[in-house]
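Following: one structure in structure tokens, then a few remarks.
Values below: every heavy atom of this structure, side chains too, minus hydrogens, waters and symmetry copies.
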Amino acid sequence: MRPGLRFALTGLLATAAGIAVAELMAAATRPAAGPVVAVGGAVIDATPTPVKEYAVATFGTWDKPLLLTGIALALAALAAGVGVLAGRRPRLGPAGAALFGVLGAAAALSRPAAAWVDALPSLCGAMVAAGALAVLTARAREPAEVPVDVGAGRPPRLLDRRTFLGAAALIASGTAVVGGGAAAVRRVSGGAAGRSRLAVRLPAPADPAPPLPTGLQPGFLTPNADFYRVDTALTVPQVDLDSWRLRIGGMVDRPLTLSFADLLARPLLERHITLNCVSNEVGGPYIGTARWLGAALAPLLREAGVQAGADQLVARSVEGMTIGTPVAALLDGRDAMLCVGMNGEPLPLEHGFPVRMLTPGLYGYAGACKWVQELELTTFDDFDAYWVRRDWAPRAPVKTASRIDRPAPLATLPPGPTTVAGVAWAQGRGIRAVEVQVDDGPWQAATLAPVPSTDTWVQWRYPWAATPGLHRLQVRATDGTGAAQTAARVSPFPDGATGWHGITVTVA
Ligand SMILES: Nc1nc2c(c(=O)[nH]1)N[C@H]1C(S)=C(S)[C@@H](COP(=O)(O)O)O[C@H]1N2
Ligand SMILES: [Mo]
């Protein structure tokens, strides 16, 4: 084996062994302190907003696996480099391992809600890596009788090939066992949150959602499995239901602490509400409608006694996300809630189990904190939430928008009668009218399906006599206040996209 290759392999093996040990320690104690997730999370938080925007727009939900692959490749290159250096200069081995350890520890300590013990897995992993490097780059013992000046002139004699391969195989299999153990521990504890979710029995709502009106097309409700997911969590937070508490504090007269059972014991509200992401492009997919079950937030805030001057509620999640919502929006009579149920099931883990906030009429980043564990009353002057620190707007009401779902963009259809259909939304204000334009023709009124409330999207359809040729279809909406959806195209940053959605189809 060429020495370069051998040293690179040594670096990879030693690093893998260190990471496996660190991951096992973290999995057994504090999962967020594992170096892989900690470094990934730190990279996400440090990524400039335009890059994040690009990643979400280009890769959708593949953004996280791609990020992890990128980190793994960068790490592998570094590890091979450390191995080569350590092979040439054995003293550099511990230094390289220490560098990895410090990086992992720093990333773990930079995570929200980190404690100093979170540095331990990475530091112990670094010691294991240093040990493995030392073993694999060890010099074969020089015969004692060789004079020093002769020995010094020759290249160092490495472990013989068989000893090296034996040690490497031993370290590799140890790594596989420890890494497999870490994955198993994560699966079991992940399974614990999933199992406690399955054991949840949701009470019947005290205030049920009005039945859905007849005349809706399929697709009005988005099944949980199809509901878009947008968050910064590299691994889905696993919340232990028994120890979970929601604290309401900050500028309140009577701070409150509620358990999950306390929350379920309150009269529950059930509502159909459309949730959408501020990052959704015109015509984009980051929007869905569900039947949500939860405790109304306004009465809870009144029980806590919001103090004069508190104009922002900051929701904090178990993994440290912060989402700021105007107190005025929460107390203006809309159905802001702490959700425990989604479409008749306990909240899926991906959508915030056990409890998430939902504020109709606001984009998700401004009112829909998942995995929530704390509500702090404060002011917009005093605190910038996660996305506000990244220059998104502090207040973010949903903008009026509409989308063509049928036909699909660039579809080919036969001439004759066809139906153009889609959705329009302006949560809180509702939709009064939707119009469709074919090529340069006049804007024509679409037919609106009935809605359960102004907090959901509206399905619309427009019968079109398609004639042969290439056609451009556009849609625009008018909200419940009579305000027209603007044609001005702006991108999602910093407070939501605007512009009319248009598609091109071929009729042949
Ligand atoms: N804890 C936490 N809550 C969060 C987020 C997050 O990253 N972490 N993302 C927010 C954003 S940007 C949106 S659009 C909604 C998406 O909710 P969903 O994934 O259930 O569709 O969750 C919000 N709540
Ligand atoms: Mo979002």
Side-chain angles (χ1 to χ4, degrees), residues 1-26 33-36 38-39 42-43 70-110 116-179 182:
M1 197 185 298
R2 299 222 323 274
L5 190 64
R6 172 168 168 163
F7 293 142
L9 182 66
T10 293
L12 285 173
L13 265 177
T15 306
I19 290 178
V21 166
E23 286 296 332
L24 179 60
M25 276 182 71
V36 176
V39 170
V43 169
I71 291 177
L73 289 178
L75 191 66
L78 258 176
V82 164
V84 170
L85 278 180
R88 308 257 183 265
R89 304 260 244 97
R91 294 255 181 76
L92 289 181
L99 176 73
F100 280 141
V102 167
L103 276 181
L109 291 179
S110 81
W116 69 269
V117 290
D118 292 351
L120 290 182
S122 288
L123 296 181
C124 293
M127 288 198 265
V128 169
L133 274 176
V135 168
L136 294 175
T137 57
R139 282 9 187 186
R141 200 170 295 143
E142 297 285 347
E145 64 272 22
V146 175
V148 173
D149 53 341
V150 177
R154 288 185 306 175
R157 282 214 297 132
L158 295 168
L159 291 181
D160 68 85
R161 192 185 143 86
R162 277 188 62 180
T163 316
F164 172 79
L165 288 179
L170 212 65
I171 291 176
S173 37
T175 299
V177 169
V178 172

(message) Testing the basics here: between A172 and L13, what is the closest heavy-atom pair and its distance to 0.1 Å?
(response)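 Taking A172 first and L13 second, the nearest heavy atoms are CB-CD2, 3.7 Å.
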(request) State, to 0.1 Å, how close S122 and P35 come at their nearest heavy-atom pair, and which atoms those are. (result)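 Nearest pair, atom of S122 first, then P35: OG-CB, 3.7 Å.
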Would you list the atom pairs, donor with acceptor, under 3.5 Å between side chains in residues 70-80 and any protein atom, with sequence neighbours excluded?
none

(request) Tell me, please, which residues at least two apart from V178 pass side chain to side chain contact (heavy atoms under 4.5 Å, CB included). (result)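 V178 satisfies side chain to side chain contact (heavy atoms under 4.5 Å, CB included) with A20, V21, L24 only.
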(request) For A126, enumerate each residue passing the side chain to side chain contact (heavy atoms under 4.5 Å, CB included) test, keeping only those at least two apart in sequence or located in another chain. (result) none
(message) Once salt bridge (Lys or Arg N to Asp or Glu O under 4.0 Å) is applied, what residue pairs with a partner in residues 11-23 remain, sequence neighbours excluded?
(response) E23-R186
(message) Can you pull out every salt bridge (Lys or Arg N to Asp or Glu O under 4.0 Å) where at least one residue sits in residues 165-175? Sequence neighbours excluded, please.
(response)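 Qualifying pairs, neighbours excluded: none.
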(message) Once rounded to the nearest 0.5 Å, what's the spacing between atom CG of L165 and atom CG of L170?
(response) 12.0 Å
(message) Can you pull out every side chain to side chain donor-acceptor pair (under 3.5 Å) where at least one residue sits in residues 162-171? Sequence neighbours excluded, please.
(response)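 For residues 162-171, and leaving out neighbouring residues, the side chain to side chain donor-acceptor pair (under 3.5 Å) pairs sorted by first residue read D160-T163.
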(request) With sequence neighbours excluded, give me every side chain to side chain donor-acceptor pair (under 3.5 Å) pair touching residues 164-177. (result)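 Not a single pair qualifies under side chain to side chain donor-acceptor pair (under 3.5 Å).
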Under 3.5 Å, side-chain donor or acceptor atoms of residues 131-138 against the rest of the protein: list the pairs with distances, not counting sequence neighbours.
unit_1: T137; atom_1: OG1; unit_2: L133; atom_2: O; d: 2.7

Sequence neighbours left out, cut at 3.5 Å: what donor-acceptor pairs do the side chains of residues 1-12 make with other protein atoms?
unit_1: R6; atom_1: NH1; unit_2: L159; atom_2: O; d: 3.3
unit_1: R6; atom_1: NH2; unit_2: L159; atom_2: O; d: 2.8
unit_1: T10; atom_1: OG1; unit_2: R6; atom_2: O; d: 2.9

For residues 90-105, please give each side-chain donor-acceptor pair under 3.5 Å, one per line with the distance, not counting sequence neighbours.
none

